[in-house]
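Shown next, in structure tokens, is the structure this report addresses.
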Amino acid sequence: MSIANDFHALVVKLQNEGHHLADEAHKLWDRLRGDETALATEVGADTRKIAVDAGPLVAEVKADAASIGGDVAQEAKAMGAEAVADAKAAAADIQKPAPQA
């Protein structure tokens, strides 16, 4: 519920009671409702502009993430191959007979 709606409930109450400030309160409610609508319109426009402006940035971040992911995958593959080579070398060293002293 908006502030304008809450204030309108007060205006209705004042009008029902015949309060001397009911007319003034109603004018204020009209103004508040207009200000609230204008603000909502402005925020909506700003939100759309931000979404449009953010589009290229989002695409760039996605491209960078894909590139980084590819780099990480290549590095992991290279490290895996190096680990396999080290394991094979260690296995070959273990299979060699111990030198006689």
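Computed over heavy atoms, backbone and side chain alike; hydrogens, waters and symmetry mates excluded. These figures come from a predicted structure and were not determined experimentally.
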Gap separating the [atom1] atom of [X] from the [atom2] atom of [Y], nearest 0.5 angstrom:
{"X": "Leu21", "Y": "Gln15", "atom1": "CG", "atom2": "CD", "result": "12.0 Å"}
{"X": "Asp6", "Y": "Trp29", "atom1": "CG", "atom2": "CH2", "result": "12.5 Å"}
{"X": "Leu32", "Y": "Leu28", "atom1": "CG", "atom2": "CG", "result": "8.5 Å"}
{"X": "Phe7", "Y": "His26", "atom1": "CZ", "atom2": "NE2", "result": "10.0 Å"}
{"X": "Met79", "Y": "Asp86", "atom1": "CE", "atom2": "CG", "result": "11.0 Å"}
{"X": "Thr47", "Y": "Glu42", "atom1": "OG1", "atom2": "CD", "result": "10.5 Å"}

Open item on the list: For His19, run the side chain to side chain contact (heavy atoms under 4.5 Å, CB included) check against Leu14, Val11, Leu10 and tell me which one passes.
Closed with: Leu14
Open item on the list: With a sphere of 6.0 Å drawn around CG of Asp23, does it hold more than 12 non-hydrogen atoms of other residues, nucleotides or ligands?
Closed with: no
- [ ] Output yes when a side-chain donor or acceptor of Thr37 lies under 3.5 Å from a complementary backbone atom of Arg33, and no otherwise.
- [x] yes
